[in-house]
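Just follow the structure's listing: the first ligand is 1, and inside any ligand the first atom is 1.
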Amino acid sequence: MKTLNEIRSTFLNYFDAQGHQIVPSSPLVPRNDPTLMFTAAGMVQFKNLFTGVETREYSRATSAQKCVRAGGKHNDLDNVGYTARHHTFFEMLGNFSFGDYFKAEAIPFAWDLLTKEFGIDPNRLLVTVYHTDEEAVKIWKAHTGLPDERIIRIATDDNFWSAGPTGPCGPCTEIFYDHGDHIWGGPPGSPEEDGDRFVEIWNLVFMQYEQFEDGTRQPLPNQSIDTGMGIERVAALLQGTNDNYATDLMRNLIEASAHASSTDPDGPGKTHHRVIADHLRSTSFLIADGVMPSNEGRGYVLRRIMRRAMRHAHLLGVKDPLMHQLVPSLVQQMGAAYPELGQAQSLIRETLLLEETRFRQTLDRGLKLLDDELSGLPEGATLPGEAAFKLYDTYGFPLDLTQDALREKGRAVDTDGFDTAMAAQKAKARAAWAGSGEAADATVWFDVADKSGVTEFLGYDTESAEGQIVALVQGSDQVDAAAVGSDVQVALNQTPFYAESGGQVGDTGVIRTQTGIVNVTDTRKSAGVFVHFGHVVEGEVKPGQTAVLEVDRLRRSAIRANHSATHLLHEALRNALGDHVSQRGSLNAHDRLRFDFSHAKGLSQEELTQVEREVNDYIRQNTPVETRIMTPDDARAMGAQALFGEKYGDEVRVVSMGQLEGSGKGSDKSTYSLELCGGTHVRQTGDIGAFVLLGDSASSAGVRRIEALTGTEALAWLREQEAALSRVAAELKTATSDVPERVRALLDERRSLSNEVAQLRRELAMSGGGAAAPEAREVNGVKFIGQVLSGITGKDLPGLVDEHKAKLGSGAVLLIADTGGKAAVAGGVTQDLTDRVSAVDMVKAAVSELGGKGGGGRPDMAQGGGASAENAEAAIAAAENILKG
Ligand code: SER
């Protein structure tokens, strides 16, 4: 028996041998098709190769593609568990030709693989063709010898395949397997075709046309091939069953569910196990591809699938959360073919556990309410929409979960009533919002959100994607087009552009449609809508158009690095300064980061160095940055840092980074930094590159601010510092390493030189500035020296006065220093004369001549200052007058 894993590799190897490139599955969230909620066929990732918009090195490809059909156009959720072949998650095997081979090769490839490689009995196979496709009929006959009655012409859309309302499309031929007349059913096209006897196993599409929005259809530049085979179906027939859930892989998951719930896999809980096995696959793969449970968009589809599985787990009678226990079995089954599953294993387990723990808190009460409602209704009556809405709103029962629960009782829900109740709630929210004082021009975004829903953010996983323009706004009005040269605000159904929040700046980049280009200069959020502020630089853009969205990658990676570094910085500050440190504000731009935090005094050099070193240690540790979704309470219980006073919704993202040697935060007690954060982060701490702390300053009372750089900006800054140091070293004619010592030596030298200069000046002044030493003259019987000096400072004066006094033996001195602009005055009287005359009086008299005021000291020594030395002679004369009495 071929296992499912063997079937997959046989298929891929077969086409590999036929010159096809084996291409890995693309993510479940399509990057290049904004009309799709989830990837639902193998061709999705190749869409642009068919239309010729994109070319690659290969023109033949083969893949095993993860697909989810649980939301949007393709939705099989309701049937899962109750039928043999419906899944929310399945794998599609396919081979593709992009203008290389066409029908004449595609048909033999498929036939030979089925009959030779897989050894399927050709007599059990039959095919359908589009009713006008005689070419295909001819090829089938020539290659396989199938008789006419086993080549069935179908005139309906069943044999004309298109990915959606627009895009590549063409006639197809489908291969069916006849499970035998012991099973009820008829061949395709017959009234009994819905039976299980004839099962479609492979669809070969002859891609020939491109369908446009206006309804026209043009031939493709190249005729191409797109085939799709559901691996579960082919595995079923190769394993001798017509029930996909009896194949090895699904059976193993069912047994894991039976084992974990201690129930019989084939007993009364059979349907529950099937639901659980299927939903385990879709939820785990969606989480591995970055979808998180939420109340909007894709996240809500994930939540619906999870909760549907969790109700079935509850119905099995298990007391504890079940789903997360099954993840290892799934990884064991599928981890080799899809490595992303193993990588995300702990995230998947945690997400399932938290969701199930939470949901179980309301599940019992919700089910009781449902029973009460039903018991009050007449037999078989539908459940009123109001009741279904209450289950949704209060107990977290998605509508399809309620429908699933009622299905077992043969009942339905009044969905119109549910919609009415939902609309009434939205109207209430709107009224509350209108009264909340938001800017009037923001109402336009509320209208957009009302009509088109909030924007789905794809930017945690990608920086480029396609989106559909849902509205264009100029000023505060919606417009039908925006032409070159105009400013415009663009809203799309999904976007990789981050809208400014939590200190992280909005993304910039480019939006391109078939008719125009918008340069995006900022992205912000209003009423849940991501508003891309831009300028039309080419052509025009219109609502409804599909757009290619490219975030400026370099800028975004620099922003990521700064944001992640901010988290490390926060933790390092707490370690260095204490637990009182908490975030008060932050800015994560592309060229710098700023972090404000509560702390009363400036940081010492040692503290700054310790913080910078610790951040760099965790950067070099280069461990993965992990993100989880949980309730704010759970996050806080884990020790996550939350912004003080911030309001959080039902769910928060928790970002963790860094591994501790000893004990740390988080359930595993080994996480260094754990923060509530909606921003974008590096994948590994090493991606931050480097961290340079520029300094710390006061931001406001009790709040300090740190500014820092990371990555290339940090390196550029270090380079600049180094260049400056090199310039200094070159000036000093020394090696950069010797600069500090040289500078110290120079400063010492400077100090002793200036001492020497001061000494010399004094000596020069005493000796009369090189001219003859001043003569003492007799004034009123007292020897007096009056002198104006330049080239010295006021500080030198008292020393000089003392020296003159010593030389005179008995007398009075008045010295004026012309300090260039100002004047300093000092006067002295020898002790024997202080009874007759006071130095203070002499100085005061001189000072007033010099345009100054005051002057003071003792009778033997006084000092003062004047505005200028211009009237120095008059000042000396004034001092002499004092002597004269
Ligand atoms: N696109 C076609 C399908 O999904 C064949 O791959 O059936």
Side-chain angles (χ1 to χ4, degrees), residues 7-8 11-12 14-15 18 20-26 28 30 32-33 35-51 60-76 85-103 105-107 109-111 113-114 127-130 133 136 154 156-177 188 193 198-211 217 220 222-234 244:
I7 293 168
R8 187 190 304 109
F11 184 96
L12 296 175
Y14 173 81
F15 282 104
Q18 311 289 348
H20 292 64
Q21 171 83 33
I22 301 179
V23 180
S25 171
S26 63
L28 282 168
N32 61 349
D33 190 339
T35 64
L36 285 180
M37 186 155 232
F38 298 118
T39 303
M43 57 77 67
V44 170
Q45 66 167 316
F46 301 119
K47 200 185 71 176
N48 292 336
L49 293 177
F50 291 121
T51 52
R60 296 176 174 206
T62 183
S63 68
Q65 174 66 48
K66 304 177 275 192
C67 298
V68 162
R69 293 193 175 173
K73 275 194 283 284
H74 308 282
N75 188 356
D76 288 338
R85 273 184 299 282
H86 281 100
H87 299 280
T88 54
F89 175 93
F90 65 98
E91 283 177 84
M92 190 181 276
L93 299 172
N95 58 293
F96 307 89
S97 149
F98 314 112
D100 186 331
Y101 61 84
F102 199 46
K103 296 180 197 183
E105 288 88 351
I107 289 175
F109 277 154
W111 185 262
L113 173 66
L114 292 179
V127 302
T128 60
V129 296
Y130 194 51
D133 195 353
I154 303 275
T156 64
D157 278 358
D158 281 352
N159 278 64
F160 194 94
W161 201 88
S162 59
T166 60
C169 57
C172 59
T173 184
E174 293 184 329
I175 305 174
F176 283 72
Y177 181 81
E193 66 175 1
F198 294 89
V199 174
E200 180 216 327
I201 53 172
W202 203 345
N203 183 14
L204 318 184
V205 183
F206 308 128
M207 290 291 193
Q208 264 166 286
Y209 308 105
E210 183 170 359
Q211 180 86 39
R217 194 180 277 171
L220 284 176
N222 294 303
Q223 296 185 318
S224 297
I225 292 293
D226 150 35
T227 85
M229 166 155 72
I231 196 171
E232 295 78 6
R233 290 182 180 196
V234 87
N244 293 1

Q: Under the side-chain contact (heavy atoms from CB on, under 4.5 Å) rule, what do Val44 and Phe38 come out as? Steps first, then yes or no, please.
A: CA-CA 10 Å; Val44 170; Phe38 298 118; over 6 Å; no
For ligand 1, which atoms have a heavy atom of [X] less than 4.0 angstrom away?
| X | answer |
| --- | --- |
| Met92 | 4 (O), 6 (O) |
| Val205 | 2 (C), 5 (C) |
| Met43 | 1 (N) |
| Ala41 | 4 (O) |

(Q) Looking at Pro24, is its backbone amide N or carbonyl O close enough to the side chain of Gln45 to form a donor-acceptor pair, meaning the two atoms are under 3.5 Å apart? (A)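 A pair under 3.5 Å: yes.
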Q.
Main chain of Glu91, side chain of Glu232: is a donor-acceptor contact present, judged purely on distance under 3.5 Å?
A.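 It does hold such a pair.
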Q. Can Thr166 and Gln211 be said to form a side chain to side chain donor-acceptor pair (under 3.5 Å), step by step?
A. CA-CA 5 Å; Thr166 60; Gln211 180 86 39; over 6 Å; no
Specify the protein heavy atom at minimum distance from [atom]: its residue, its atom name, and the distance to 0.1 Å.
| atom | answer |
| --- | --- |
| atom 4 (O) of ligand 1 | Trp161 CZ2, 3.2 Å |
| atom 7 (O) of ligand 1 | Asn203 ND2, 3.1 Å |
| atom 6 (O) of ligand 1 | Asp226 OD1, 2.7 Å |

Q. Picking from Asn159, Asp158, Thr156, what satisfies side-chain hydrogen bond (donor to acceptor under 3.5 Å, both in side chains) with Thr128?
A.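 In the set Asn159, Asp158, Thr156, the residue that makes a side-chain hydrogen bond (donor to acceptor under 3.5 Å, both in side chains) with Thr128 is Asn159.
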Q: Flag Gly228 as yes when one of its N or O atoms lies below 3.5 Å from any N or O atom of ligand 1, and as no otherwise.
A: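 The answer is yes, given that Gly228 and ligand 1 share an N or O pair closer than 3.5 Å.
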Q) How are the rings of Phe11 and Trp202 set to each other: parallel, tilted or perpendicular (split at 30° and 60°)? A)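 The arrangement is tilted - the two ring planes meet at 30° to 60°.
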Q) In terms of the angle between their ring planes, are Phe98 and Phe96 parallel, tilted or perpendicular, with boundaries placed at 30° and 60°? A)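 The arrangement is parallel - the two ring planes meet at less than 30°.
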Q: With heavy atoms under 4.0 Å as the rule, classify the contact between Thr227 and ligand 1 as side chain, backbone, both or neither.
A: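 For Thr227, the contact with ligand 1 is made by the backbone alone.
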(Q) I'd like to know if Met229 contacts ligand 1, where contact means a heavy-atom distance under 4.0 Å to any ligand atom. (A)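 No; Met229 lies far enough from ligand 1 that no heavy-atom distance drops under 4.0 Å.
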